[in-house]
Enquirer: 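Dropping a structure here in structure tokens format, bear with me for questions.
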Amino acid sequence: MSERTLVLIKPDGVRRGLIGDVIARVERKGLKVVAMDLRTLDVETAKAHYAEHSEKPFFGELVDFITSGPLVALVLEGPRAVEAFRALAGATDPVKSAPGTIRGDHALEIGENIVHGSDSPESAAREVKIFFPDRF
Ligand code: CMP
């Protein structure tokens, strides 16, 4: 059964010229890009997207970072797309993510870890609605 997930190539990924690398991995895996947009998030949208982290000590830092420059928002579709993309991305902490994954190959810091992927189909549905309200 096909599923959707919301992926962000975060401002560090865009700044470092990794848009093509991330999309190439996604396509090589067989996940389909069904929506894509380059934009700079406003603070309100960033807070809505990361609402579940609002009580965390790093929330302010997270919002500052995700609004610090253009990002690429993508909707991917495929069988178990949520899990499939999280496997491509690697562990949240890039020091612990395996080489061969996006974070394992490109990142060292937890706050600047190149990509975001929804953590469940329920989160995906919520996040897709935030980024592409009229599309799905
Ligand atoms: P992401 O998948 O976008 O979802 C929440 C983000 O919070 C996560 O990736 C990390 O980039 C970030 N994050 C998690 N833990 C920390 C931390 N201790 N300090 C700063 N950022 C963090």
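Each residue takes its place number in the sequence, starting with 1. All values derive from a computational prediction rather than experimental measurement. We count ligands from 1, going down the list as the structure has it; atoms in each ligand are counted the same way.
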Enquirer: What about I110: any of its N or O atoms under 3.5 Å from an N or O on ligand 1?
Expert: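 Looking only at distances, the answer is yes, because the N/O contact criterion of under 3.5 Å is met.
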Enquirer: Of the protein's non-hydrogen atoms, which lies at the shortest distance from atom 5 (C) of ligand 1, and what is that distance?
Expert: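 Atom 5 (C) of ligand 1 sits closest to the protein heavy atom H53 NE2, 3.4 Å.
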Enquirer: Mind checking whether K56 contacts ligand 1 via backbone (N, CA, C, O), side chain (CB onward), both or neither, at a 4.0 Å heavy-atom cut-off?
Expert: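 None of K56 does.
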Enquirer: Just jot down the ligand 1 atoms closer than 4.0 angstrom to any heavy atom of R103, in number order.
Expert: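 By the 4.0 Å cutoff, the relevant atoms are 2 (O).
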Enquirer: Just jot down the ligand 1 atoms closer than 4.0 angstrom to any heavy atom of K10, in number order.
Expert: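 Here the atoms of ligand 1 in question are 1 (P), 3 (O), 9 (O), 11 (O).
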Enquirer: Between N113 (side chain only) and T92 (backbone N and O only), is there a donor and an acceptor less than 3.5 Å apart?
Expert: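 At least one qualifying donor-acceptor pair exists.
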Enquirer: I'd like to check which ligand 1 atoms, numbered from 1 as shown, lie under 4.0 Å from a non-hydrogen atom of L62.
Expert: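 What qualifies from ligand 1 is 6 (C), 7 (O), 12 (C).
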Enquirer: Quick one: sort the H53 and F58 rings into parallel, tilted or perpendicular, breaks at 30° and 60°.
Expert: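 Tilted.
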Enquirer: Are any of the side-chain nitrogens in R25 or D105 under 4.0 Å away from the carboxylate oxygens of its partner?
Expert: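 Counted as a salt bridge, because a side-chain N and a carboxylate O are separated by less than 4.0 Å.
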Enquirer: Does Y50, backbone or side chain, put an N or O under 3.5 Å from an N or O of ligand 1?
Expert: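 There is such a contact, yes.
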Enquirer: Measure from the side-chain N and O atoms of R15 to the backbone N and O of K10, and report whether any donor-acceptor pair falls under 3.5 Å.
Expert: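 Not confirmed, R15 side chain does not pair with K10 backbone.
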Enquirer: Can E52 be said to touch ligand 1, with heavy atoms closer than 4.0 Å?
Expert: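 Contact absent.
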Enquirer: Taking the cut-offs as 6.0 angstrom to the six-membered ring centre and 45 degrees off its axis, would you call R39 and F132 a cation-pi pair?
Expert: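 Yes.
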Enquirer: Would you find a donor on one side and an acceptor on the other, under 3.5 Å apart, between the side chain of E3 and the backbone of V82?
Expert: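 It does hold such a pair.
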Enquirer: What is the closest protein heavy atom to atom 17 (C) of ligand 1, and at what distance does it sit?
Expert: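 Looking at atom 17 (C) of ligand 1, the protein heavy atom closest to it is F58 CD2, 3.5 Å.
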Enquirer: Backbone, side chain, both or neither: what part of E109 comes under 4.0 angstrom of ligand 1, heavy atoms only?
Expert: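 Contact part for E109 vs ligand 1: neither.
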Enquirer: Applying side chain to side chain contact (heavy atoms under 4.5 Å, CB included), name anything that partners A84, two or more places apart in sequence or on another chain.
Expert: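 Counting only residues at least two positions away or on another chain, A84 forms a side chain to side chain contact (heavy atoms under 4.5 Å, CB included) with L31.
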